[in-house]
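Quick notes on the structure that follows.
First the proteins, then the strands, lettered A, B, ... as listed; each starts at 1. The figures that follow rest on heavy atoms only: side chains count, while hydrogens, waters and symmetry mates do not. Note that this is a predicted model, so its numbers are computed, not measured.
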Amino acid sequence: MSWVGKSPRRKEDDRLIRGQGLFTDDELGEGMLQLYILRSPYAHAKINSIDTSAAEALPGVACVLTGKDVLEHCDPYMQLALEPAANIQDYPLARDKIHFQGEPVAAVAAETVGLAMDAAELIDVDYDMLDAVLDVEEALKDEILVHDNIGTNRTWQGVYEYGDVDKAFAEAAHVVKIDRLHFHRYSSTPLENNACVAEWTRQGTVEFLCNNNFPGFAKQLLAPGLRLPIENVRVRTYDVGGAFGNKIWNYVYMALAALASRKTGGRRVKWAEIRTEHMLAAGHGNERTYVDTEVALDKDGVITALRSRHLDDCGAYTRYEPLGCVIFSQVLPATYKLRNIRIEMNQAVTNKCPVVPNRGYSRMQQLWFMERVVDICGQELGIPADEMRLNNYITDFPYETPNGCVYDSGNYPAMLDKAKELLDWDKWAAYRDQARSEGKHVGIGIGTTLDSGTNNFGQAQIMNPHLPFSGNSEACIIRLDFDGAVVVTLGTGPSGQGHETSASQVVADELNIDPSMVTVRSGFDTNWNTFVGHSGSYASQFAVTGLSAVHGACQKLKTEMRKLAGFLLEAAEEDLEFGVGEEGPQLKVKGTDKAVNYWYLSNIVNNNNAVLQGALEDVTLNVRHVYRPPFNVPDVEKKFGNLTLTYAAQLHIAVVEIDPATCRVNTLAYAAVDDCGTVINPQIAHGQVHGATVHGIGAAIMEAFDYDEGGNLLTATFSDYCPITSMNIPDIAYGNIETPSPFSYNGAKGMGEGGGAPLHTMSAAVQDALHGAGVIVTDSFVSPPRVYELLQNPNRETAVSVG
Amino acid sequence: MGIKFNGEFSVDAPRQEAYEFLADPRKFAPCLPTYENLEMKNERTGDVTVKVGVGKIRGSAVVELTLKDEQPPSRAAYDGKGKIMGSAFNMATSFDLEEAEGGGTLVKWAGDLSMFGKLVALAGGLIRPIAKKDIKRLVDALQAAMSTDGGASSATG
Amino acid sequence: MSTTETAAQDIPKVAVEITVNGQSYRREVEPRTLLVQFIREELRLTGTHIGCDTTYCGACTILLDGEPVKSCTMLAAQADGGEVLTVEGLEKDGELHPLQTAFSEHHGLQCGYCTPGMLMSSLALLQNNASPTEKQIRKGIQGNLCRCTGYHNIFKAIEAAAAEMRED
């Protein structure tokens, strides 16, 4: 009986359907203070003075923090960037200048949130407004500086060049030039906002309960930021209400709760972000502009070369950036076999919210770009979208890309066939042609995408050769408790992906028991010692890193159990079999009724060890395993190396009709095919695909962070941002194929991010619908106002040229 | 978000007299709609307290008003900044005075209001009509204050 | 600002009496206390969540006198004398409500943050319509955001629970 490949009911559900989860804001406690953060209304301003006296005098206020406290007790957070961007002074509170609307200026801890808010209104901040720079191209001119001390807004520049680009252009049958493309700002806005509870103990340690989704990393930045040894910072999570990457740098704000606790003599302080704060300041996805794009093709429409300049807008602080300037190159050629590529990657700070990794982080920006390139070339050369793809898809695996990434496995043509079948392609193609003859705008779009998983952190060295990061790892501890219970501790800090369930399936298979007999601890805790620097839920890697760690720990535990049982039963280890007997999980001598159960084994080691008479000293029944994927350090000069271990793929097709009156993009049919290698839990994998698909559709047609010319975020509430609801989603026909990864022990590929497939697909479908009207879709956001604008001002003449 | 307004109105008062009125925060400020109080910090700068609000949400806002440009008797201009409900606003107001045909003064005014923060997201669409209404009230008050017969001159804006 | 003129602590507290999940509670609260704060902080029933500040997300949905209400948009004082049902009140005598079982079986939840509000809206829907069509289900939960599941499995769960409840 194998549990892997099945969908047992999730362990997590038992508490969550009863309302008995423990999300950070659910932590209540007598005497806990509530923190409220006062934020700047300006995008760019000088702070002349801050008067907190009235706020401090308000009864119920325990303390007020300003930039002064931060300067006294904190060091600026370490930046990943090279100099000069490395010198950006990133503190939990603004000191003398505001860099984006929503930047924290002061924080109040009070007995209730209401009082803290009242007090914040009494803080008098005198600002002098400065002109803001809100556009990446403007920012790169360095006329207005976001951070004066670094002397430039540019945070990164590098050229990714492979093959012989100039020769390929010289020999091309067609050269297509695309003026400008733009990937818009949005984020997945998890339903649970950022939150933490902090306590600065009398022993000088800080205890955090929080919802950070990369706690191994957060701890390494938070501790030095608070001037503490790393061991003195405990980071704990329990239930996390969605993250999608967005909770990676909430440590920046977590420090404020710690400082308030310190200032109030160690009282526990809770900070629960409000939705508007989240929209303003918790991080937006990377916004990217692509200019001077030129594509060389042969006479059959096979792309032979590409050159382009990409401008990434990272908002006011770098934080996790400029990693996005390298991460995109995990999927540099997307799913296509071109070998000659030159992309100049640039990034700059602007007076907007700092960016944060968001589901499909930096790769989907590249994949959207490549899909736009393929579709625009196809449309202009009169080659249908499906044919264009079949002409260009990579078909032999493992495939080494021009920059040294190894695509483990895949079958894109088979995915296209499957998606067409699910959609009923011929029916919709006929419908489209009929509708067009009646003057309607109907289009069919294909989006092929990759979800590269399990990062090689060595790619950070391409961004900054001084960074001491490479490889990847994840940890797992498995032990038998006093009562013989199998207890598994993960380092992965999940946020809804069902790690407790999937891990129990793997353990159940290894020990030949039922998943219900496996206890997987919920959440994450640095005090459990089950973490490494890479621990966390990000970059589509649990099925590989997390489960490989679980699998490895099982092997170690089984070895110990066999030794111990063999000793006790006086049997050869190879004669023992794992299973379940009348007294629960056990090891048994094959073909006999001689067996020993887990309680007995555990008790011998933990309570009754004289029985062993000094034998088996190395058996502890409490084992830790760290999985390390087989990576090399990339060649930093050539920007060459394998940057991710696995490449899950998605292929989506949408049929859309543009409402002529409202310019709304109505989805008439939608098919999504997924390939994440061997599937561990079909229900969970399917759920991830659905979730990622709906996120992407929302991002394509509804969700955008729009700033006005003064740097005001105009979509700072859910009511303005309008996250996608049950009324806005199409029926999605789902299917999958399995091309097992040769690089993971279980054939699985990390998945869940979905590669932004719907953005590519919806852009393609809208373009197909409007191409006859002279429209090229150049922006990833196709909301009704944008579509209206395109129809009013058809852009084909200026957006694209064919030579 | 930014809102630019401009218009003109005429008053009976001669130009010098109108100028002296408009260039003196002590005389000018009380004409602001919902004016409550003025506290002068120096000859050119004062904190004006006004009542503000939409619907049932009411409060006071303090506007720091500075006489920025004075060219007697033809021009007076103010810069203002203030905050309200977690948001901030900056405004620039200027008055250019010309002698009107047949006596009195023609006042050409311009206002540039910039709003920042929560209010823009929450009530951005409401601000323009409210600002428009308040400017009309201000113009009416200025006309009334500078006219010997208590108002009733022509205004456009 | 108005808050300086009348500090919150000077405003007399109001007494409210609300029945929650069958048990009556009497508390003195600040007049500005929201119903969701009352439920979470006063009664420590933290299954009801807060996800936004503009009544958009529905994570705080409860039933008040049988009707679904976003409890972040109502003062506790307005619910005085009312009967509230929260997610914690769905399980009866150790038996999960069919909706709870169906959400788990059909993977209608991932992170679980929206689930309590989603369950309460679903319950209100099914109380008014024992056999909703998919369109009616979509409409019934249109005020509840889920950022994880893409809704599809939630529709399936509600359909399954409706079938189960019709049999009972």
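- Classified by interplanar angle (parallel below 30°, tilted 30° to 60°, perpendicular above 60°), the ring pair A:Phe23/C:Tyr113 is perpendicular.
- For A:Glu273, no part sits under 4.5 Å from any heavy atom of chain C, backbone or side chain.
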Decide yes or no on side-chain contact (heavy atoms from CB on, under 4.5 Å) for A:Asp25 and C:Arg40, but give the supporting numbers first. CA-CA 10 Å; A:Asp25 192 25; C:Arg40 287 176 54 82; 3.3 Å; yes
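- Heavy-atom minimum distance, C:Gly112 versus A:Leu16: CA-CD1, 4.0 Å.
- Most heavy-atom pairs under 4.5 Å with chain A, from the set C:Glu91, C:Met118, C:Glu134: that is C:Glu91.
- Taking CD of A:Glu277 as the reference point, atom CG of C:Asp53 lies at 8.5 Å (rounded to 0.5 Å).
- Between chain C and the options A:Gly21, A:Gly698, A:Gly114, A:Pro190, the largest number of non-hydrogen pairs under 4.5 Å is found for A:Gly114.
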Start with the C-alpha distance between A:Thr725 and C:Tyr56, add both sets of side-chain angles, then the distance that settles side-chain contact (heavy atoms from CB on, under 4.5 Å), and finish with yes or no. CA-CA 10 Å; A:Thr725 73; C:Tyr56 189 92; 3.8 Å; yes
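- Contact annotation for C:His106: only backbone heavy atoms (N, CA, C, O) come within less than 4.5 Å of a heavy atom of chain A.
- Contacts between C:Thr149 and chain A at a heavy-atom distance below 4.5 Å involve the backbone alone (N, CA, C, O).
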Derivation of the side-chain contact (heavy atoms from CB on, under 4.5 Å) call for A:Arg10 and C:Leu109: CA-CA 10 Å; A:Arg10 293 199 323 161; C:Leu109 68 154; 3.9 Å; yes
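- With a threshold of 4.5 angstrom between heavy atoms, A:Ser7 does not approach chain C through any atom at all.
- Residue C:Gln142 touches chain A through both its backbone and its side chain, counting heavy-atom pairs closer than 4.5 Å.
- Contacts of A:Ile697 with chain C are absent, with no heavy-atom separation under 4.5 Å from either backbone or side chain.
- Contact record, A:Ile729 with C:Gly150: CD1-O, 3.3 Å, taken as the closest heavy-atom pair.
- Of all heavy-atom pairs spanning C:Glu41 and A:Leu28, the tightest one is CG-CD2, 4.5 Å.
- For the residue pair C:Arg147 and A:Ser188, no side-chain donor N or O sits within less than 3.5 Å of a side-chain acceptor on the partner.
- The nearest pair of heavy atoms linking A:Asp13 to C:Ser104 is OD2-OG, 2.9 Å.
- Among all heavy-atom pairs drawn from A:Asp118 and C:Arg32, the shortest one is OD2-NH2, 2.9 Å.
- Contacts of C:Leu119 with chain A are made by side-chain atoms alone, with heavy-atom separations under 4.5 Å and no backbone atom involved.
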Would A:Glu12 and C:Gln110 satisfy side-chain hydrogen bond (donor to acceptor under 3.5 Å, both in side chains), going step by step from the backbone distance to the final call? CA-CA 9 Å; A:Glu12 296 84 349; C:Gln110 290 180 24; over 6 Å; no
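- Residues A:Asp26 and C:His49 meet the side-chain proximity criterion, which asks for heavy atoms closer than 4.5 Å.
- The closest donor-acceptor contact from the side chain of A:Arg275 to the backbone of C:Gly51 lies under 3.5 Å.
- In terms of heavy-atom pairs under 4.5 Å with chain A, the best-connected choice from C:Gly89, C:Gly47, C:Cys52, C:Gly108 is C:Cys52.
- Among A:Arg18, A:Gln688, A:His695, the residue making the largest number of heavy-atom pairs under 4.5 Å with chain C is A:Arg18.
- No part of A:Leu22 comes within reach of chain C, as not one of its non-hydrogen atoms sits under 4.5 angstrom from that chain.
- In terms of non-hydrogen atom pairs under 4.5 Å with chain C, the most contact-rich of A:Ile274, A:Thr112, A:Ile684 is A:Ile684.
- With respect to chain A, the highest number of heavy-atom pairs below 4.5 Å among C:Thr86, C:Leu145, C:Ile50 belongs to C:Leu145.
- Of the two parts of C:His107, the backbone and the side chain both hold a non-hydrogen atom closer than 4.5 Å to a non-hydrogen atom of chain A.
- For A:Asp14, no part sits under 4.5 Å from any heavy atom of chain C, backbone or side chain.
- For chain C, no part of A:Tyr734 is nearby; none of its heavy atoms comes within less than 4.5 Å.
- In terms of heavy-atom pairs under 4.5 angstrom with chain C, the leader among A:Val694, A:Thr189, A:Leu191 is A:Leu191.
- Note that the CD1 atom of C:Ile154 and the NE2 atom of A:His690 stand 11.5 Å from one another [nearest 0.5 Å].
- Residues A:Ser495 and C:Cys111 approach most closely at O-CB, 3.6 Å, considering heavy atoms.
- Proximity to chain A is limited to the side chain of C:Leu96, based on heavy atoms less than 4.5 angstrom apart.
- Neither the backbone nor the side chain of C:Gln37 comes within contact range of chain A; no heavy atom of the residue lies under 4.5 Å from a heavy atom of that chain.
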